[in-house]
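None of the values given here were measured: they were computed from a predicted structure. For the numbers below, each heavy atom of this structure counts, side chains included, while hydrogens, waters and symmetry mates do not.
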Amino acid sequence: MVTDAVEMILSIGTSFGFLIIAVFILASAVKVVPEYQRVVVFRLGRLVGSKGPGIVLVIPLIDRVVRVDLRVVTLDVPVQEVITKDNVPIKVNAVVYFRVMDPAFSVVEVENYILATSLLSQTTLRSVVGSADLDEVLSSREKINSELQKIIDERTDSWGIKVSAVEVKELELPESMKRAMAKQAEAERERRAKIINAEGEMQAAQKLSEAAKQMEASPITLQLRYLQTLREISGDKNSTTIFPLPLDLVKPFMDRFFKKDEA
């Protein structure tokens, strides 16, 4: 009786052990892949391909899977010290947006595609900004971004990566350069103000000349202007009234007065 019980317990334990092994093998053979991921399958070291999303069946102990995320990766490029084409030292950093388009290439062609893209972005940023003048870097930001995106995208294409955008985030100038640029901007504003003032004076002179010609052609306009001036003066509650006296009327008396003094 005891021997039969022991044999039954051993058989039950063996069956339970086989059941656990079967469940473990089944669990390792079934992979659930989310919509934003793919699995790259290697069978005995050879590339089978990328699979997913959904349920993916693999051979336990024979197949090895590597998960690859297909979502857009935001890569912050560290601050780089660059000397521009016109020998101005600046500090610049950028942001790179990219995603994996071919999961198999991103695993087979490069060891760590995120690190490789980061290092490539740093060297490309220094190269592109260093080949441009400071004024171009400050004013043509879109051109610099487009050139960076084009170069990085071409070099990472063989890794199965698509670079969608590159944006220069911050640009730090030396304090001496900031002061020089501030003085330059102030001088430019003063120059523009003087030009605008001169243009205003020239236009005013032209209008006064046209008004004088109009008054010469029509003497009555001078009288109307005189009446308008008196109206403006009286509107300010001023008790002083100005009467213009033509010089032609005063000139004979002035000539006679000076002749008496000479005599």
Side-chain angles (χ1 to χ4, degrees), residues 36-38 66 68-203:
Y36 58 85
Q37 286 185 350
R38 297 294 184 271
V66 179
V68 180
D69 200 321
L70 300 184
R71 291 175 291 184
V72 175
V73 179
T74 303
L75 183 63
D76 190 4
V77 181
V79 176
Q80 304 294 312
E81 293 186 359
V82 185
I83 297 179
T84 60
K85 188 177 180 180
D86 49 352
N87 298 323
V88 178
I90 62 175
K91 293 182 180 179
V92 61
N93 64 347
V95 180
V96 180
Y97 301 90
F98 69 93
R99 62 180 300 178
V100 176
M101 301 300 294
D102 193 324
F105 280 10
S106 67
V107 175
V108 175
E109 298 296 333
V110 61
E111 181 180 1
N112 188 334
Y113 66 88
I114 295 180
L115 178 61
T117 305
S118 176
L119 296 176
L120 177 61
S121 301
Q122 295 176 33
T123 56
T124 306
L125 179 62
R126 289 196 297 267
S127 176
V128 172
V129 176
S131 61
D133 295 332
L134 179 61
D135 292 340
E136 185 178 357
V137 175
L138 295 175
S139 60
S140 304
R141 189 72 63 87
E142 293 296 330
K143 179 182 177 182
I144 299 295
N145 294 338
S146 177
E147 189 173 355
L148 286 170
Q149 187 267 337
K150 180 181 178 182
I151 295 175
I152 299 174
D153 184 48
E154 289 178 353
R155 296 184 180 179
T156 58
D157 186 62
S158 60
W159 303 343
I161 293 174
K162 173 63 178 178
V163 179
S164 57
V166 179
E167 298 289 339
V168 175
K169 187 169 62 172
E170 294 180 359
L171 186 66
E172 183 178 351
L173 298 174
E175 291 298 328
S176 58
M177 181 58 63
K178 291 180 181 179
R179 290 192 295 268
M181 293 178 66
K183 291 180 180 179
Q184 180 183 359
E186 184 178 359
E188 180 66 21
R189 286 193 296 269
E190 291 180 356
R191 183 184 69 85
R192 292 179 181 178
K194 291 179 180 179
I195 291 176
I196 293 173
N197 188 24
E199 290 179 352
E201 293 292 339
M202 183 180 66
Q203 293 177 3

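- Between the CH2 atom of W159 and the CZ atom of R155 there is a distance of 9.5 Å, given to the nearest 0.5 Å.
- Within the 4.5 Å cutoff, no side-chain heavy atoms of E172 are placed close to those of V92.
- For E188, the CD atom is densely surrounded, since the number of other residues' heavy atoms within 6.0 Å is greater than 12.
- To the nearest 0.5 Å, the span separating CG on L171 from CG on N93 amounts to 9.0 Å.
- In this structure, the side chain of R99 does not engage the main chain of R71 through any donor-acceptor pair within 3.5 Å.
- Taking the side chain as every heavy atom from C-beta outward, I83 and V88 never approach each other to under 4.5 Å.
- Inter-residue side-chain proximity for V95 and L75 is flagged as unmet; no heavy-atom pair is nearer than 4.5 Å.
- Using a distance-only test at 3.5 Å, with no hydrogens or angles considered, a donor-acceptor pair links the side chain of S131 to the main chain of V128.
- Contact annotation: the side chain of V68 approaches that of V107 to within less than 4.5 Å [non-hydrogen atoms, C-beta and beyond].
- Looking at F98 and T117, their side chains come closer than 4.5 Å, going by heavy atoms from C-beta outward.
- Ion pairing of K162 with D157 is absent here, as no side-chain N (NZ or NE/NH1/NH2) approaches a carboxylate O to less than 4.0 Å.
- K143 has no carboxylate O lying under 4.0 Å from a charged side-chain N of E147, or vice versa, which leaves the two without a salt bridge.
- Here the straight-line distance linking atom CG of L120 with atom CD1 of I151 works out to 9.5 Å at 0.5 Å rounding.
- Contact annotation: the side chain of I144 never approaches that of V166 to less than 4.5 Å [non-hydrogen atoms, C-beta and beyond].
- A salt bridge is absent between E186 and R189; no separation between the charged side-chain nitrogens and carboxylate oxygens falls under 4.0 Å.
- No side-chain donor-acceptor contact under 3.5 Å links N145 to the backbone of A165.
- For the pair S118 and Q122, the minimum side-chain heavy-atom distance is below 4.5 Å.
- Within the 4.5 Å cutoff, side-chain heavy atoms of V100 are placed close to those of Y113.
- Taking 4.0 Å as the cut-off between side-chain N and carboxylate O, E170 and K91 do not count as a salt-bridged pair.
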